There are 2 protein chains.
Amino acid sequence: MSDADLRHARLYETLRTRICLLDYPPGTKLGEEALAAEFGVSRTPLRRVLARLADEGLLETRHGVGTLVTDVEPSELAHIYALRMELAELSGRLSPREITPEVLDRARAFVEEARALQAAPDPRAFAELNLAFFTFGLTLTANTPLAEIAERLYLRTARIWLARIPSLDLARECEIFAAEVRETLAALEAGDAQAAGLVRRAHVSMSYGRLVG
Amino acid sequence: MSDADLRHARLYETLRTRICLLDYPPGTKLGEEALAAEFGVSRTPLRRVLARLADEGLLETRHGVGTLVTDVEPSELAHIYALRMELAELSGRLSPREITPEVLDRARAFVEEARALQAAPDPRAFAELNLAFFTFGLTLTANTPLAEIAERLYLRTARIWLARIPSLDLARECEIFAAEVRETLAALEAGDAQAAGLVRRAHVSMSYGRLVG
DNA sequence: AACATGCGGGTTGTGTACAACCTGTCTCGT
DNA sequence: ACGAGACAGGTTGTACACAACCCGCATGTT
């Protein structure tokens, strides 16, 4: 991978994280000049990154106005969650990878981290751990297009969900998450990747229920 | 929509069509300067379009070498087809739109066009009609994220399939396609969008079988 | 003959200046 | 007082020049 591609990837992931973890809440105006200065590049390569984020629906650029972080419409939120449920099931059914001891170790580590989080709930730590666990789940299928699509949909809605966590019960969300992680580990220990997908599907569904309910 | 966005959309669709309908077969080197001259713009806005096509996996840009039309690996082809099968089913099950008389009219028109194609098989006409029918199928669900994803996956693999049509039997492919269109119409006339999705799923599956078999 | 090396042409990546555009404000006329 | 229109400031879009890079070829060395 070339030098330019690496810079591009770093910028992309940095900005994407900032958007999805609410460092830039929906409606924030970004400003190409300022960002370019912060990262020590000119506007040109930065615009390449912003264009990609805009294509993925995380940003919206308006000529003469600015580059704004998007919000998600309730109806679109419903569509995306419906899709995510189905993709969660597919990620356990299509081209499952072998469940190696390393995978089980990672799952057990997540159980520990979730337990620690539950003991000391924190919104930011919750968001990061949730993202990490989601990414781990994507590694269970060898179907890379499926993994990429599922990731994009998750990132598209994660910030909406995070923004509402305060109005829900953070401690309860942590508890539910810890339970999901434990159930996933149990499924993997039984060698049943499909069950892990169903666990995820169920939790996506319930999460949406709490979100809109 | 602004002026710049319209230009961008036109360029994007034009180039995407050229790639997916094999005007630019895999491996073709595009050349930014030449394309920019053809469309009467500078390299800058053109590069914005090429970047998007690269993000979607249709192009690959290599510094100092050129912008190349990508190929699709057999293993990735398998993954994408597996996904497309599932998404076809979902497109009939998730948020189905009302089947209006206009929808039925369009379906009947496709039956006629498919019949005409069958009478006079032509690779290019086949490719275009197939794309049009696929796009029509996407309008049957109100779940826009699902439709977008399914479209992207179709466009990603369509050219590989088209490239192999000559080594298959064009007349037979036209015949099978005409049957798919008729079956879809029958499902829609019965008011059963889910059945239409299953028809599509079955044909995606069989199409892949003929492709690799 | 085989191989290393430098060079030249061609291509994409980056920086910069300017054009196009939107929005809030201020002024002027009614 | 109120509204229309011009203006100014700030932002993204475009064009162009140059840097960085890859590849094939010629040349010289062993």
Side-chain angles (χ1 to χ4, degrees), chain A residues 1-16 18-20 23-72 156, chain B residues 1-16 18-20 23-72 156:
Chain A
M1 202 181 232
S2 82
D3 200 35
D5 289 336
L6 286 176
R7 267 203 304 270
H8 173 81
R10 264 212 317 274
L11 257 69
Y12 169 74
E13 285 189 24
T14 301
L15 290 179
R16 195 181 69 174
R18 288 185 186 177
I19 294 169
C20 295
D23 292 328
Y24 299 143
T28 305
K29 191 168 78 175
L30 287 188
E32 303 180 347
E33 200 76 55
L35 281 178
E38 174 185 347
F39 292 110
V41 295
S42 84
R43 278 180 60 211
T44 309
L46 178 75
R47 278 173 63 76
R48 168 78 178 80
V49 174
L50 296 182
R52 182 172 167 192
L53 291 166
D55 287 338
E56 292 175 357
L58 299 178
L59 291 179
E60 182 187 358
T61 64
R62 289 192 218 170
H63 191 181
V65 179
T67 310
L68 310 173
V69 177
T70 57
D71 204 342
V72 179
R156 183 97 182 265
Chain B
M1 204 181 232
S2 83
D3 200 35
D5 289 337
L6 286 176
R7 267 203 303 271
H8 173 80
R10 265 213 316 276
L11 257 70
Y12 168 74
E13 285 189 25
T14 301
L15 290 179
R16 196 181 67 173
R18 289 186 186 178
I19 295 169
C20 294
D23 292 328
Y24 299 144
T28 305
K29 192 168 77 175
L30 288 188
E32 303 179 350
E33 199 76 55
L35 281 178
E38 175 185 347
F39 292 110
V41 296
S42 83
R43 278 180 58 209
T44 310
L46 178 75
R47 278 174 62 76
R48 168 78 179 78
V49 175
L50 295 182
R52 183 172 167 193
L53 291 166
D55 287 337
E56 292 175 357
L58 298 180
L59 291 179
E60 181 187 359
T61 65
R62 288 194 218 168
H63 190 183
V65 179
T67 308
L68 310 173
V69 177
T70 57
D71 204 341
V72 179
R156 184 95 182 265

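To find a chain, count down the sequence lines: A is the first, B the second, and so on, and within it residues start at 1. In this text, all values refer to a predicted model and were calculated from it rather than measured experimentally.
Although no hydrogens or angles enter the test, the distance criterion places no donor-acceptor pair under 3.5 Å between the side chain of A:T67 and the main chain of A:G31. A:T28 places no side-chain N or O within donor-acceptor distance of the main-chain N or O of A:V69, the cut-off being under 3.5 Å.
Here the CG atom belonging to B:L15 is positioned 5.5 Å from the CG atom belonging to B:L11, to the nearest 0.5 angstrom. Here CZ of B:R10 is found 9.5 Å from CZ of B:F39. Values are rounded to the nearest 0.5 Å.
Looking at residues 37-49 of chain B, you'll see B:R43, B:R47 sit with a heavy atom under 4.0 Å from some atom of DNA chain C.
Atom pair A:K29:NZ and C:dC21:P shows a separation of 19 Å (rounding to whole Å applied). Here D:dT14 presents its P atom at 10 Å from CG of B:L11, a figure rounded to the nearest Å. Rounded to an integer number of Å, the gap from NE2 of A:H63 to P of D:dT11 is 13 Å. Between the P atom of C:dT11 and the CG atom of B:L30 lies a distance of 12 Å, rounded to the nearest Å. Summarising the geometry, the separation between CG on A:L35 and P on C:dT14 is reported as 16 Å, rounded to the nearest angstrom. Computed from coordinates, the B:L50 CG to C:dT11 C1' distance equals 13 Å when rounded to whole Å. Nucleotide D:dC18 holds its C1' atom 15 Å from the CD atom of B:E32, rounded to whole Å. In this structure, CG of B:L6 is placed 17 Å from P of C:dA20, rounded to the nearest angstrom.
Using a cutoff of 4.0 Å between basic side-chain nitrogens and carboxylate oxygens, B:R48 and A:D55 are scored as salt-bridged.
Counting heavy atoms of neighbouring residues, nucleotides and ligands inside a 6.0 Å radius, atom CZ of A:R16 exceeds 12 of them. Crowding of A:E33 atom CD: a count of heavy atoms from other residues, nucleotides or ligands under 6.0 Å not exceeding 12.
Between A:G64 and A:R7, the one whose closest nucleotide on DNA chain C sits nearer the 5' end is A:R7. Between A:D3 and A:V65, the one whose closest nucleotide on DNA chain D sits nearer the 5' end is A:V65.
Distances shorter than 4.0 Å separate some side-chain N or O of B:T67 from OP1 or OP2 on C:dT12.
In the set C:dT14, D:dT14, C:dT12, the nucleotide with an atom closest to the side chain of A:A4 is C:dT14.
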